[in-house]
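The structure under discussion appears below in the form of structure tokens.
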Amino acid sequence: MAVYGASTLLAMQPCDPSSAFFGFMGVTSAIVFANMGAAYGTAKSGVGILSMGVMRPDMVMRSIIPVVMAGVLGIYGLIIDGCPPLKKCRRSTTAALPSGVVN
């Protein structure tokens, strides 16, 4: 992580306020779709468990694996999509950056 001096931070221009809105709307939609997919996968796996219980009752425990995996995908959707990388929302002018600092 680059360390900026006070004069460099004061020379930076703030981002457009709508960029934060659209960024958080993207995170929100990613979380919503990840959880909808996990819920759909759990429902389809539940139907599979029910049909497995009717056809082959001895293999019901083996059919629980898709339910667990659908739940894990929902949790990882929250973790990966809900935690965007921390980044300062500032655009810098190239003249204000000291040499060797990459923005």
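The two residues Met59 and Met52 make their nearest non-hydrogen contact at O-CG, 3.8 Å. Across all non-hydrogen atoms, the minimal contact from Ala70 to Ala38 is O-CB, 3.4 Å. Nearest heavy-atom pair across Val67 and Ser45 is CG2-CB, 3.4 Å.
Take Ile64 and apply the side chain to side chain contact (heavy atoms under 4.5 Å, CB included) test, not counting sequence neighbours, and it matches Ile49, Met61, Val68.
In this structure, CZ on Phe24 lies 13.0 Å from OG on Ser29, to the nearest 0.5 angstrom.
For residues 31-56, the set of pairs meeting the salt bridge (charged side-chain N to carboxylate O under 4.0 Å, His left out) definition, not counting sequence neighbours, comprises Arg56-Asp58.
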